[in-house]
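What you are looking at is a predicted structure, and each value in this text was computed from that prediction instead of being measured.
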Amino acid sequence: DEAREDLMDLTLLAREASASLRDVVWVIDRTTIRLPELIHQLMDRAKRVLTDVELSVETPNDCPDAIVSLTFKRHLIMFFKEVVHNCARHAKATEVRISVSVESQQLCVRVADNGCGFDISAQRDGWGVDSMRKRSEELGGTMAIDSRPGQGTTVELAVPLAALLKNLDDQYKTSN
């Protein structure tokens, strides 16, 4: 059992490394990044990393074809990467539902799993949730987490569309 768990951990690390390398190549290959492409890239990452769960994805049909600043792109990818990593590594979920929508001049990203959940108020060893919260604030957005032990977890990010083009480099504070 221990060897099987180690092998599963190594497999997950390999999938995450592959997805990260694809992100790097994708960014280097682009002179501009548009919101629909970025959303597609996020969904591709989820499909590559969350291979052991039933994954459902919903993306907007009427997504604005706006150019995204590199800083916004980086924050959003890193935020999403952390959420997907947590689903794959900690949730023990069998189903994950991802929805991206554009409502009231906001980009909304919602990731919900049916996993083990956790106590939001409990002390955590890692800095993933704190990093996600800081990224959402740096983007001028909000993050909400709904989770209880045994009931799964839902993470929602809402960011004003105006933040897409805003250069946030001078405000950049997140360490990773």
Work out which heavy atom in Phe79 is nearest to a heavy atom in Met143; give both atom names and the distance. CE1-SD, 3.5 Å

Smallest separation among heavy atoms of Val53 and Glu95, with atom names: CB-N, 4.3 Å

Could you state the interatomic distance from CZ (Arg133) to CD1 (Ile145), rounded to the nearest 0.5 Å? 5.5 Å

Evaluate the side chain to side chain donor-acceptor pair (under 3.5 Å) criterion for residues Thr94 and Asn114: first the C-alpha distance (whole Å), next the side-chain angles of each, then the deciding distance (0.1 Å), finally the verdict. CA-CA 7 Å; Thr94 58; Asn114 69 343; 2.8 Å; yes

Is it the case that atom CD in Glu54 sees more than 12 heavy atoms from other parts of the structure closer than 6.0 Å? no

Let me see the working for Ile77 and Leu38 under side-chain contact (heavy atoms from CB on, under 4.5 Å), right down to the final yes or no. CA-CA 8 Å; Ile77 285 177; Leu38 179 55; 3.8 Å; yes

Taking every non-hydrogen atom, the tightest pair across Gly115 and Asp113: N-OD1, 2.8 Å

Min side-chain heavy-atom separation Leu50-Cys87 under 4.5 Å: yes

Are Met132 and Val155 packed together at the side-chain level, in the sense that at least one heavy-atom pair is separated by less than 4.5 angstrom? yes

How many angstroms lie between CD in Glu156 and OG in Ser99, if you round to the nearest 0.5 Å? 7.5 Å

Between Val159 and Ser136, is any pair of side-chain heavy atoms under 4.5 Å apart? no

To the nearest 0.5 Å, what is the distance between CD1 on Ile98 and CZ on Phe80? 4.0 Å

Mind checking whether Leu70 and Ile33 have side chains closer than 4.5 Å, heavy atoms only? yes

So, Asp44 and Arg48, do they make that salt bridge, N to O below 4.0 Å? yes

Looking only at atom types and distance, does a side-chain atom of Arg34 sit under 3.5 Å from a main-chain N or O of Asp65, one as donor and one as acceptor? yes

Distance, nearest 0.5 Å, that separates CD of Glu103 from CD of Gln106: 8.5 Å

Considering all heavy atoms, the nearest Ala112-Thr154 contact: CB-OG1, 3.5 Å

Flag the pair Glu58 / Val100 as yes when at least one side-chain heavy-atom distance between them is below 4.5 Å, and no otherwise. no

Show your working on side-chain contact (heavy atoms from CB on, under 4.5 Å) between Leu161 and Leu107 and close with a plain yes or no. CA-CA 6 Å; Leu161 287 178; Leu107 174 68; 4.1 Å; yes

Taking the side chain as everything from C-beta on, heavy atoms only, tell me whether Val111 gets closer than 4.5 Å to Val96. yes

Taking atom CZ of Arg148 and atom CD1 of Ile120, what is their separation to the nearest 0.5 Å? 7.5 Å

Just by modelled atom types, is the Gly117 backbone N or O under 3.5 Å from a matching donor or acceptor in the Ser147 side chain? no

Ile39 CD1 to Ser101 OG distance, which is reported to the nearest 0.5 Å: 9.0 Å

Which pair of non-hydrogen atoms, one from Leu76 and one from Leu139, has the smallest distance, and what is that distance? N-CD1, 4.5 Å

Closest heavy-atom pair, His90 versus Cys116, reported as atoms and distance to 0.1 Å, is O-SG, 3.3 Å

